[in-house]
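First up is the structure itself, then whatever we jot down about it.
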Amino acid sequence: MGFIENKVAAEMAQWQGFQAAEINSEKIAEALTRPPKPDMGDLAFATFRFAKDAGVKPNELAAKLAHGAETGGLIDAVTAAGPYLNLTLNRTAIASNVLTEIETQSAGAEARDWRYGDGTSGRGNTLVIDLSSPNIAKPLAVHHLRSTMIGYSIKQLRESQGWQVVGINHLGDWGTGFGKLIAGVKQYFPEIAERAKTEESPLGDMTVQELNETYARFNREAKDNEAIAEAGKDEFAILERYIEALLVKPDEPNELDVAAKESGIVNFRIWQHAREISLAEFERMYAHLGLSFKLWPVVDTEHATVLTKEPASFYREHCIYVGESYYVTAEDLCRRLINDALENRVAEEDEGALVIFTHGKDKPPLILVKSDGATSYHARDMAAALYRKRHWKLDEMTYVVGGEQKLHFDQLFKALKALDHDWADHCSHTDFGLMLFQQSDGKWAKTSTRKGTAIMLEHLLDEAVQAVRDIIREKNPELAGSPDMEQVAHAVGVGAVVFNDLKNGRRNNVKFDWDAVLDFEGESGPYMLYQFVRMGSVTEKYREKYGEPVFEQGDADRLGLDEEWKIIQQLAAFPDAVAKASADFEPSIVARHLVELAGLTSSWWTATKDTRIVGDDEGLSLSRVRLVNAIRKVLGRGLSLLGMSLVERM
Ligand code: ARG
């Protein structure tokens with residue numbers, strides 16, 4: 001229930017009727033609704049539930065409760081209307097409460113200190129969130145951008161409700177595909193294979209794009225050539241054996257002969273360098289979006305110290321990369337899981353592979369070990385889940401991954417439960433829709449790497465920033481020439497892409513339409529930021545005219561316009577929106593709330609055209625600027641929760 005309902009309920013709970021009936025303020029708050037027509041009052045209290053408990057008629061109870069009502073505080077008038085109590089609120093008193101609440105909780109100049117909207121329901125709980133998780137040696141795909149932004153926002157939303165949130169990038173850095181990549185590199189670039197015998201970073205200045213082309217070319221050639229295909233499998237087997245021998249059991253004598261060691265090193269270096277090259281590219285995207293990922297286990301002393309001494313602050317500032325390879329190399333997690341599944345007879349052999357029939361015998365099973373002996377995507381995900389549960393003692397876990405992997409996660413959770421890990425009930429798949437781009441024929445379609453229509457993600461963000469730079473140069477030459485220009489262009493450009501992604505329910509497909517994304521007037525990131533800036537400039541205007549505003553002295557009595565009351569109600573409902581967005585893993589709830597707030601604000605602007613927000617009446621101006629300040633704080637906090645950076649001018 002919202003802020004207003006809670007305050008009103010607390011007052012009603014003191015009335016003699018409610019005391020006698022032993023109805024406490026929590027129960028009252030739950031039973032408060034908006035009446036269907038505004039002339040019936042601001043809130044209505046439904047008596048049905050309580051009448052049933054007390055064995056009386058609802059109408060009688062309503063009459064009784066109304067009789068003992070005390071008005072004069074937040075409530076101006078009470079009438080019993082059949083089974084309901086209709087309440088007319090003292091809007092001024094409510095407004096003053098809401099504004100004071102925002103002012104005390106969101107004092108301070110820095111948005112990161114604005115706490116209005118925060119809650120405590122998650123205190124003491126840990127959420128692990130699997131987000132972004134791109135594959136190495138492949139260009140970033142659009143769904144990784146969506147996963148990153150939705151995931152990052154969810155992380156912040158949960159943190160705002162008191163959760164500790166561990167963000168994990170399940171980097172796709174293991175699997176038979178890398179055997180193909182290595183085989184391709186060796187075939188088409190013999191000089192690299194040669195260099196790898198002696199050099200740590202043999203790939204020279206190869207880009208992710210080139211790595212991907214090498215992989216694709218190998219795949220094409222292996223398609224109708226059994227011998228080539230075999231080479232791919234062999235290279236991966238060499239890599240997996242080498243890693244298991246050297247990294248998993250470094251102290252045990254290993255059975256690798258000199259030749260296996262030599263080819264192992266070569267494959268390992270090619271793989272490792274490909275991983276480094278990819279990470280460097282991913283880092284550029286994360287820097288754009290303001291995210292930081294640290295490699296797990298954290299070894300650099302500075303961050304390792306923070307992690308040990310102040311884990312909460314470490315996990316708030318950083319997410320971690322725990323690549324799929326980790327579960328193969330560290331602690332032998334994958335093999336242990338596989339043995340466990342075998343011993344428990346949860347896994348069985350099927351056509352040479354080791355599988356778990358999660359959905360009955362007539363549905364395709366989850367594959368644990370492939371017929372060539374290599375671990376599978378599912379095996380590594382299971383090992384990852386167990387590791388996370390053990391290491392972070394998580395209370396909840398969610399995977400922010402596109403809807404096309406629904407079956408994968410259904411199977412994953414079922415398999416975990418088959419192994420008696422009942423906590424899998426607290427794991428969920430936070431799925432999302434596709435990002436669609438307009439094709440040359442005008443149709444909207446998802447891009448595909450295969451067809452060569454993939455949009456380079458890096459370019460997408462760069463392009464957005466560039467477009468904003470151009471707009472600023474044209475519309476605000478003064479800003480364009482100032483040192484703030486870059487920060488503003490960056491925040492607005494990236495914010496435009498982020499807001500476009502988060503403003504609709506995550507399961508919907510998102511049309512990526514440049515005109516809408518960059519529209520400074522529509523339901524866009526730039527518009528929201530513009531509203532935020534505008535609130536700041538109006539306050540500035542007040543400051544110039546009347547001096548530093550002391551908001552607490554702004555008289556809520558003077559906020560008598562209907563538009564103002566609507567804004568107050570919207571501000572009061574913000575904490576509810578944040579709590580719900582957090583609970584449902586649905587950032588769009590906050591985005592929609594802000595869009596509405598911006599809409600109400602703009603109507604208010606129109607309604608005050610004659611007297612202005614800051615006009616000749618100093619008292620009225622202060623009251624209004626007080627409201628402006630509250631809107632600014634809520635807008636700013638909401639946009640930050642969505643992962644956007646704020647700007648002071650634009
Ligand atoms: N790497 C996968 C991909 O690019 C996504 C991984 C999602 N996370 C997970 N734990 N399976 O599609």
Side-chain angles (χ1 to χ4, degrees), residues 127-152 154-155 165-178 181 208 211-212 215-216 271 274-275 278-279 281-282 285-286 291 293 296 319-328 330 333-334 337 358 366-368 375-389 391-392 394 396-416 421 424 426-435 446-450 454-457 506 585:
L127 168 76
V128 166
I129 182 165
D130 185 306
L131 77 170
S132 201
S133 308
N135 298 326
I136 66 165
K138 271 193 189 169
L140 283 164
V142 175
H143 62 268
H144 296 124
L145 185 67
R146 289 214 74 196
S147 169
T148 312
M149 294 184 294
I150 296 170
Y152 183 40
I154 292 174
K155 179 169 185 283
V165 184
V166 179
I168 301 184
N169 193 323
H170 189 71
L171 202 61
D173 63 356
W174 205 249
T176 39
F178 297 104
L181 173 68
V208 170
L211 288 169
N212 187 48
Y215 167 79
W271 168 77
R275 190 172 186 267
S278 311
L279 278 174
E281 177 169 324
F282 302 161
M285 167 174 86
Y286 298 137
L291 265 97
F293 286 91
W296 188 262
C319 299
I320 52 180
Y321 287 113
V322 193
E324 293 189 38
S325 65
Y326 185 77
Y327 307 101
V328 177
L333 293 158
C334 256
L337 157 84
T358 51
L366 170 160
I367 296 173
L368 214 48
T375 60
S376 68
Y377 178 44
H378 254 133
R380 294 187 293 275
D381 246 333
M382 286 186 76
L386 298 181
Y387 178 74
R388 293 167 182 182
K389 174 68 185 168
H391 195 90
W392 288 285
L394 57 93
E396 232 185 281
M397 171 151 67
T398 199
Y399 297 81
V400 187
V401 182
E404 63 284 354
Q405 291 196 31
K406 180 173 185 320
L407 178 63
H408 172 84
F409 289 105
D410 281 352
Q411 291 186 310
L412 173 65
F413 304 150
K414 281 229 163 116
L416 288 170
H421 297 298
H426 304 287
C427 297
S428 59
H429 174 200
T430 297
D431 57 341
F432 53 81
L434 304 168
M435 183 113 85
K446 73 174 207 165
T447 60
S448 108
T449 335
R450 233 174 339 111
I455 309 254
M456 293 286 293
L457 277 193
R506 63 177 149 78
F585 297 133

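Scope of the values below: all heavy atoms of this structure, side chains included, with no hydrogens, waters or symmetry mates. These figures come from a predicted structure and were not determined experimentally. Order of listing sets the numbers, starting from 1, for every ligand and every atom in it.
When only modelled atom types and interatomic distance are considered, Y399 and S133 share no side-chain donor-acceptor pair under 3.5 Å. Defined by atom type and a distance below 3.5 Å, a donor-acceptor pair is present between the side-chain atoms of Y286 and N169. When only modelled atom types and interatomic distance are considered, S428 and T398 share a side-chain donor-acceptor pair under 3.5 Å. Y326 and Y387 share a side-chain donor-acceptor pair at under 3.5 Å. No side-chain donor-acceptor contact under 3.5 Å links H429 and D410.
If you look at H170 and Y321, their ring centroids are not closer than 6.0 Å.
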- Task: For I129 and I154, run side chain to side chain contact (heavy atoms under 4.5 Å, CB included): C-alpha distance rounded to whole Å, both residues' side-chain angles, the deciding distance at 0.1 Å, then the answer.
- Result: CA-CA 9 Å; I129 182 165; I154 292 174; 3.7 Å; yes

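Shortest contact from atom 1 (N) of ligand 1 to any protein heavy atom: N135 OD1, 2.7 Å. Looking only at protein heavy atoms, the nearest one to atom 6 (C) of ligand 1 is Y377 OH, 3.3 Å. The nearest protein atom to atom 4 (O) of ligand 1, hydrogens excluded, is given as H144 NE2, 2.8 Å; this is a heavy-atom distance. Distance from atom 2 (C) of ligand 1 to its nearest protein heavy atom, with residue and atom name: S133 O, 3.6 Å. The protein heavy-atom contact nearest to atom 8 (N) of ligand 1 is D130 OD1, 3.1 Å.
Close contacts of ligand 1 with V401, meaning ligand atoms under 4.0 Å from a residue heavy atom, involve 7 (C), 8 (N).
When only interatomic distances are considered, the shortest N/O to N/O separation between Y399 and ligand 1 does not fall below 3.5 Å. Here's the thing with D381: one of its N/O atoms is less than 3.5 angstrom from an N/O atom of ligand 1.
Heavy atoms of Q405 come nearer than 4.0 angstrom to ligand 1 in at least one pair.
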